[in-house]
Novice: 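Shown below is the structure under consideration.
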Amino acid sequence: MIAPGVLGKGQETMKRSSFETPAAIAASEWDYCPVGVLREALDARKLSALELVDHTIARVEALDARINAVVVRDFERARAAARAADTDLARGERRPLLGIPMTIKEAFNVAGLPTTWGEPQYKDFKPKSDALLVARAKRAGGIFIGKTNVPWGLGDFQSYNDVYGATSNPWDVGRSPGGSSGGSAAALAAGFGPLSFGSDIGGSLRVPAHFCGVYAHKPTFGLVPMGGYGPPPLPPPIREGDLAVVGPLARTAADLALALEVVAGPDEAHEGIGYRVALPPPRHDKLSEFRVLVMSSHPLIPIGGDVCAAIDRLSERLAKTGARVSGADALLPDLTMSAPLYMRLLGAVRGAGLSDGEYDMARRSVALLAPDDHGVAAERALGAVISHRDWIAADITRARLREQWRLLFQDWDIVLYPPCAVPAFPTDHSLPIEARRIEIDGQEYPYNDVCYVWADPATTCGLPSTVAPIGRSPAGLPVGVQIIGPNLGDRTTIAFAGLLEREFGGFTPPPGYAG
């Protein structure tokens, strides 16, 4: 890890809900530059850190009224940090993120800024210390200009709440940017800095990246410690929970790799939290050397034609490079068993946070389920009130699945899989959530089922997954792909995303945001 740095005072909290056409802003060569290019420019004194931060702030002020992504603004402290970075640069200091402006999901604790998780009763809660990931990014020289929007309690695939309002997708303001890290993905697509950080337990990094056409990485479980990340107002738990991870979002695979190197590693203050082994290098450095298994269907939920077509085109392109590509393997875990297991474990995580009254309601709801109902919705409900005995049984089943994945990755390097069945869907804030529907090729399916099942393979067994943009739907919406790898194969999945980017292209700005 890199030596610590401290930001100065001052903060602004903004609440917006309007979606006006963005004001004009002059195009700049720095708008969509990756971190590496910006670092070279800062090191060569082609621009100062303060100029870069001011430019990024100007973009937020001119363009964010339309999408409402950066909902907690920390501009004055960011400017103070930029001045300090310029002093460090002038004396020859070099750190991985020195002088780089970025954002972070509102759910992370940043000293002096609100952490609400979108819940109005916590609008005045301001933690006194930074989350561990925040501290590590600051030590590396990163400058947080603000925090990005989330859904209420982080429990939706849209990003809206009664504290900050709704965030829209820069590609189509009538559609969701994803959730629960939707504000971060939207901010990146709009050019509000080259990096952001979010969290993921049900696709909360992966779905927003897919919806907004950016990159995201769900790390191997436990690789990035989650100290300082937890719902307000209680102090965040010291121990790692189940399933959830924190990780980076970016506009290039190289920036994902850099950000992961900065924030990964064991929690120095708490023995036993986080991996103490070095990540292995990427398995290959050429697309032609990769063995690629493609999961292009799901037994419980159909994959929409737009997403399926994009993954099929990618598979054909990969085969032409000489990569070994297949759509089947006998070792591939049975998703009809894996998806309900994931829902059970996910329900257990959420059930642990219920109040006594909410828990009693959950128990009454479960009592109404048919005894033979083992669908994904039923398993989510059952998980919330699961007994310890049944949770242990589920965990043993998960261990068997992990072994199956380990054996699979002896024959294959990566697995391609949709991040979601559809591109960004139209916003729908109706309640209850369970009554919502998402259309897939003309037929409606339950909202939660459509969104959650795609998180299963990587989340259930703690595997790394990188989402990379691979194309556009006929309507012009981004389409991404999950690149799932073996345990601790984070560098392999990110490297594969980088090779796709180099060979076939990657992020492109939404219309109206590139000047």
Side-chain angles (χ1 to χ4, degrees), residues 14-23 25 31-32 56-57 59-73 101-108 118 144-152 154 156-161 163-200 203-216 247-252 255 419-420 423-429 451 467 469 472 476-480 507-514:
M14 299 296 294
K15 179 177 179 180
R16 297 172 183 261
S17 59
S18 58
F19 300 128
E20 305 92 359
T21 301
I25 186 170
D31 287 350
Y32 282 99
T56 306
I57 289 171
R59 281 189 65 86
V60 174
E61 291 177 330
L63 301 175
D64 197 34
R66 190 184 190 207
I67 60 172
N68 191 42
V70 185
V71 293
V72 178
R73 301 183 176 183
M102 60 193 68
T103 59
I104 192 162
K105 185 175 184 174
E106 199 267 2
F108 286 86
F144 289 104
I145 64 167
K147 301 175 78 173
T148 56
N149 208 15
V150 296
W152 185 94
L154 312 189
D156 202 340
F157 293 89
Q158 303 171 77
S159 293
Y160 71 98
N161 57 75
V163 182
Y164 303 117
T167 297
S168 295
N169 192 314
W171 289 87
D172 180 341
V173 295
R175 294 179 183 268
S176 170
S180 60
S181 306
S184 287
L188 283 167
F192 303 159
L195 280 179
S196 194
F197 293 93
S199 58
D200 192 310
S204 290
L205 284 163
R206 292 164 284 173
V207 172
H210 163 62
F211 281 5
C212 293
V214 300
Y215 291 80
L249 304 96
R251 292 191 295 263
T252 69
D255 284 355
C420 189
F425 50 75
T427 55
D428 178 3
H429 299 168
C451 295
V467 168
R472 300 281 177 270
L477 298 171
V479 177
F507 170 81
T508 56
Y513 287 86

Novice: Please find the pair of heavy atoms, one from Pro419 and one from Gly480, that lie closest to each other, and give the distance.
Specialist: CD-O, 3.3 Å
Novice: Measure across Thr148 and Ser184 and return the closest heavy-atom pair with its distance rounded to 0.1 Å.
Specialist: OG1-OG, 2.7 Å
Novice: Quick one: pull up OH in Tyr513 and CZ in Arg59 and give me the separation to the nearest 0.5 Å.
Specialist: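 Those atoms lie 9.0 Å apart.
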Novice: Nearest 0.5 Å please: distance from the OH atom of Tyr160 over to the CG atom of Asn149.
Specialist: 11.5 Å
Novice: Does Asp156 have any side chain to side chain donor-acceptor pair (under 3.5 Å) partners at least two apart in sequence or in another chain, and if so, which?
Specialist: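 Only Arg436, Tyr447 meet the side chain to side chain donor-acceptor pair (under 3.5 Å) criterion with Asp156.
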Novice: Is the backbone N or O of Ala424 less than 3.5 Å from a side-chain atom of Asn169, with the two atoms forming a donor-acceptor pair by type?
Specialist: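 Judged by distance alone, no pair lies under 3.5 Å.
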Novice: Keeping the roles fixed (side chain from Asp31, backbone from Ala514), state whether a donor-acceptor pair exists under 3.5 Å.
Specialist: no
Novice: Roughly how far apart are Phe144 CZ and Met102 CE, rounded to 0.5 Å?
Specialist: 5.5 Å
Novice: Any side-chain to backbone donor/acceptor pair from Gln158 onto Pro151? Under 3.5 Å, distance only.
Specialist: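 No: the side chain of Gln158 does not pair with the backbone of Pro151.
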Novice: For the residue pair His429 and Ala166, what are the closest heavy atoms and their distance?
Specialist: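 Looking at all heavy atoms of both residues, the shortest contact is CE1-CB, 3.8 Å.
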Novice: Roughly how far, to the nearest 0.5 Å, is CD1 of Ile104 from CD of Glu106?
Specialist: 10.5 Å
Novice: Report yes or no: does Asp255 contribute a side-chain atom to a donor-acceptor pair with the main-chain N or O of Leu195 at less than 3.5 Å?
Specialist: no
Novice: Would you compute the distance between atom CZ of Phe507 and atom OH of Tyr32 and round it to the nearest 0.5 angstrom?
Specialist: 5.0 Å
Novice: Hey, are the side chains of Ser176 and Phe157 touching, using non-hydrogen atoms and a 4.5 Å cut-off?
Specialist: no
Novice: Name the one of Pro423, Pro478, Pro509 that satisfies side-chain contact (heavy atoms from CB on, under 4.5 Å) with Trp171?
Specialist: Pro478
Novice: Would you say Thr167's side chain and Asn68's backbone share a donor-acceptor pair under 3.5 angstrom?
Specialist: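 Yes, the answer is positive, given that a donor and an acceptor are paired below the 3.5 Å cut-off.
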Novice: List the steps and the verdict of side-chain contact (heavy atoms from CB on, under 4.5 Å) for His210 and Val479.
Specialist: CA-CA 6 Å; His210 163 62; Val479 177; 4.1 Å; yes
Novice: Among side-chain atoms of Ser196 and Thr103, is any donor-acceptor pair under 3.5 angstrom?
Specialist: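 Side chains of Ser196 and Thr103: pair found under 3.5 Å.
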Novice: Looking only at heavy atoms, which two atoms of Cys420 and Cys451 are closest? And how far apart?
Specialist: SG-CA, 4.5 Å
Novice: Kindly give the heavy-atom pair with the smallest separation between Ser180 and Ser159, and that separation in Å.
Specialist: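 Result for this residue pair: O-OG, 4.1 Å.
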Novice: For the residue pair Ala209 and Ala185, what are the closest heavy atoms and their distance?
Specialist: N-CB, 4.2 Å
Novice: Any donor-acceptor pair under 3.5 Å linking the side-chain atoms of Ser181 with those of Lys105?
Specialist: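 The answer is yes; a qualifying pair exists.
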Novice: To the nearest 0.5 Å, what is the distance between SG on Cys212 and CG on Leu477?
Specialist: 10.5 Å
Novice: Within a strict 4.5 Å, meaning less than it, do heavy atoms of the Val163 and Trp152 side chains meet?
Specialist: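 Contact flag for Val163/Trp152 side chains = no.
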Novice: Any sub-3.5 Å donor-acceptor pair from Arg251's side-chain atoms to Leu188's backbone N or O?
Specialist: yes
Novice: Determine, step by step, whether Val72 and Tyr164 satisfy the side-chain contact (heavy atoms from CB on, under 4.5 Å) criterion, reporting the C-alpha distance in whole Å, the side-chain angles of both residues, the deciding distance to 0.1 Å, and the verdict.
Specialist: CA-CA 9 Å; Val72 178; Tyr164 303 117; 3.4 Å; yes
